[in-house]
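Report on one structure; see the data block that follows.
Just so it is clear: chains get the letters A, B, ... in the order the sequence lines come, proteins before strands, and each one is counted from 1. Quantities reported herein were computed from a predicted structural model and do not represent experimental measurements.
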There are 2 protein chains.
Amino acid sequence: MNQEAFDLLVLGSGAAGEKGAAQAAYFGKSVGLVEPEPSLGGATAGTTVPSKTLRETAVALSGLKARKLHGVDLSLRRQATVKDFLRHEQTVKGAEQTRVLNNMERHNVKIFSGMGSFVDNRTIRVDRTGEAPVYLEAKVILIATGSSPRRPDGIPDDPRIYDSDTVLTMQGMPKTLTVLGGGVIGCEYACTFSALGVDVTLVNAVETLLPFLDPAISNALKPAMERIGVRMQMPEMFNTCTALKNGIKISMESGLELTSDALMLATGRNSNTAALNLDAAGITPGKFARLETDKNYQVVHPETRKPVSGIYAVGDVIGAPALASTSMEQARYAMIKAFNLAPYKSHVAPILPMGIYTIPECFGAGLNEIECKEQGIEYVTGNAHCEHNARGMIIGDDDGFLKLIYEYDPDIEKPMVLLGVHMIGEIASEIGHLGLLALLSKATSDLFINACFNYPTLGELYKYATYDAMGARARRSTG
Amino acid sequence: MNQEAFDLLVLGSGAAGEKGAAQAAYFGKSVGLVEPEPSLGGATAGTTVPSKTLRETAVALSGLKARKLHGVDLSLRRQATVKDFLRHEQTVKGAEQTRVLNNMERHNVKIFSGMGSFVDNRTIRVDRTGEAPVYLEAKVILIATGSSPRRPDGIPDDPRIYDSDTVLTMQGMPKTLTVLGGGVIGCEYACTFSALGVDVTLVNAVETLLPFLDPAISNALKPAMERIGVRMQMPEMFNTCTALKNGIKISMESGLELTSDALMLATGRNSNTAALNLDAAGITPGKFARLETDKNYQVVHPETRKPVSGIYAVGDVIGAPALASTSMEQARYAMIKAFNLAPYKSHVAPILPMGIYTIPECFGAGLNEIECKEQGIEYVTGNAHCEHNARGMIIGDDDGFLKLIYEYDPDIEKPMVLLGVHMIGEIASEIGHLGLLALLSKATSDLFINACFNYPTLGELYKYATYDAMGARARRSTG
């Protein structure tokens, strides 16, 4: 029997699998990586990067609009397909896949092409087309198999109905599009297609978009998306879907009916665990086939919370936040715990930022206002608006703002400790990093007050939001 | 006689004057501000903001090109004028001027419209059109009168010849443009016009562009500018200029002749001190009418270095770096020193970043490699290239990179102290701020290694440049 042994076996080569494999290999562990797809990179290379490429096109176009240009003739060709906008998508995607492959080779990770499934809690069988299966053994197994779109019941089979895995194959731009689901994926695609000139309606089951963000940011996102043309229907519960000759009709429980040229389902994702033969390893998946883990990312039973020794899970397969960035950190952290890489124990991100690629972008790191209240922390907030910032004015960002949360200290002579950083606006995913680094450095208001920022930049928002928070503190302390 | 007394008098209402006035007023000083122009804001509102508005248009257009779009028809109308591209320039400029006015009013700064000149070292006379002059007295006088373009000898009077104060009034887009001078202004405009579709030749007297930047950045700027279409002639010394019927011809000392539809002079600036009657205050200006100062920005004699008590100068009037950002900090610092605002003495930016708005942008903060060598500091460098970064690939940035300089520590278990941050690339003026905050926090390599950055972002470059520096350290320590 064809059998090999490793210190670590990784199932899946997306962002999480890649970084987990590299981390263990870097510390001298022997690593095998199992991937059923013909190229490495998983959803990160296959979906995240192409969708962000499409989004950049949309942003560039809507940016031109926001900049109120004159002297430029700009038109979208209606017959253009998504593929047209992704002219260099293949290059970017290919480069990313090659980068992953090179990274694995550099770390001497052995790659097994095929579908992996458990034989027992230490053995993986890899099924390969036209070849005998291989059996791999390891002390530690890292599951990073990702997730797949979940379709509500009663959705007909129709080429005009897309999900997040198929939307990038769309032929021709629809005139009208309904996006069902207002989570991260639904919001991001609604913005992208709207900025590309499609008439988009977003349907959301609850009243608030992205409720995990600071309330000021979620509340600002709705009107900002409406301003780029997204129509909102919320809260609306999905009831039925019918394929008509002239479009796809969805009916909501309220009686509302929407018909559009195309429908995109963004109704959540199920974890890719069905083919793993989890029973053989003593693993029980939870709701939506999700793996549940303890804080070290070791797999646990969904009810008893009993850990399954030596088996870890990271990335989309364990559910939210399901971002490439956080998945990579989960993988690094899991490997440090699994192999007790003691001197590097502290080398793990203590704060995970949220970057949401809507138009405008959203960002959050550290505590939000709801968390401060729940934890009984005394705080003050300070805001700075892009429309009052020189660069914000130049780029025509009328919606964006930065919100900083500081721990309240009544002594107005003392600096205040930064607790949370929240932003909506163009390149908020980048500008938010300034606050992230400040949080990691346990910075106080002094950092931003003492900094000289380039002019004109959005970075200056930190100085003015901090002044605003200091003013709020002074009014509270003295009034 | 119409006379008033203040704690502080400020001459000029640009970025430097505004911040100096606000700083002193915030600490309870009575402040008068003298401005000859009808609206406040100086060159910052009048030139910096409009030129950056034009640049954003150019960036948006060249960004679309870099993103290799398909399915979008984009064309520049040749007959378009600079004014067409500045459709919302008036809005931005007006908003900035109003912001300055509001800021002065909020701080109870009294504004005097008219030309100010010294009567003696404590008295300023303000000449107002159609009214009697006012005489103002103050213990401290802050000169922030800025600078004006300097023309080389032998430049004819011709409407096709522009300088940085007149270029934004250009009618029609020239087909060809020669920019004489490769300093910040020359490089920035050469990029903007090239990205707007003008055939631009940049003539520079020396071999290196922006030699105050880290050599890796200045060396990378030349090919990056060439890639967006700027033709370079350097080193070339200007000799003569002739206005021909079909263009403006300049001849260089080497014999090189260049004829183009328009010529832009970016040959340095003279300080605006001629009308100040400096003699009366015992002040002698230096080369290019520049005021020289000590490290507290108190005016000194250019040769004897003897300070002129109570008279400070900040911003463009004292020469390089002459950036809005640094001018504001100089003004705040000067006021803290002038009025001995003791508890706030430390509240001053210890590091001044350089943000250059070329296409791509350049950034520098902290020590560059030449300075490390001069100071005998042992260091290692680490680079990360945008073309290997997911967001860099998406936006098509093939030239950009981040270079970090760390203090060399042979113990590979120990974090290294960050010394310098240098970048070229799209939004480098913003991304560079991450490094600026790290320098201000006296951060080590651990900060970036432990941070979780959003994906895809350019912010990730910091992690990978740090890995690169750690690799360089390991090779040096063990090899």
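Within the 4.5 angstrom heavy-atom criterion, no atom of B:Tyr462 approaches chain A. Only the side chain of B:Ile427 has a heavy atom closer than 4.5 Å to any heavy atom of chain A. Interface residue B:Leu437: backbone and side-chain heavy atoms are both found under 4.5 Å from chain A. Residue A:Ser327: no heavy atom, backbone or side chain, is found under 4.5 Å from chain B. Only the side chain of B:Met328 has a heavy atom closer than 4.5 Å to any heavy atom of chain A. For B:Ile431, the part lying under 4.5 angstrom from a heavy atom of chain A is the side chain only. Heavy-atom distances place both the backbone and the side chain of A:Leu458 under 4.5 Å from chain B.
By number of non-hydrogen pairs under 4.5 angstrom with chain B, the leading residue of A:Asn454, A:Leu436, A:Leu434 is A:Asn454. For chain A, the option among B:Pro353, B:Gly459, B:Ala324 with the highest count of heavy-atom pairs below 4.5 Å is B:Pro353.
Distance check, rounded to the nearest 0.5 Å: CD1 of B:Ile394 to NZ of A:Lys93 gives 13.0 Å. Atom OG1 of B:Thr457 and atom OH of A:Tyr357 lie 5.0 Å apart (nearest 0.5 Å).
Nearest heavy-atom pair across B:Asn450 and A:Pro350 is O-CD, 3.9 Å. Looking at every heavy atom in both residues, B:Leu440 comes nearest to A:Ala451 through CD1-CB, 3.5 Å.
Between the B:Tyr455 side chain and the A:Thr44 main chain, no donor and acceptor come within less than 3.5 Å of each other.
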What's the verdict on side chain to side chain contact (heavy atoms under 4.5 Å, CB included) for B:Glu96 and A:Met393, showing C-alpha distance, side-chain angles and the deciding distance? CA-CA 9 Å; B:Glu96 180 64 11; A:Met393 285 194 271; 3.6 Å; yes
Taking it one step at a time, do A:Lys463 and B:Glu329 satisfy salt bridge (charged side-chain N to carboxylate O under 4.0 Å, His left out)? CA-CA 13 Å; A:Lys463 192 169 228 169; B:Glu329 289 303 318; 2.8 Å; yes
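Residues B:Ile351 and A:Cys452 fail the side-chain proximity criterion, which asks for heavy atoms closer than 4.5 Å. B:Arg391 places none of its side-chain heavy atoms less than 4.5 Å from the side chain of A:Lys52. For the pair A:His433/B:His433, no side-chain contact is recorded, criterion being any heavy-atom separation below 4.5 Å from C-beta on. Looking only at side-chain heavy atoms (C-beta outward), B:Val49 and A:Pro456 stay at 4.5 Å or farther from each other.
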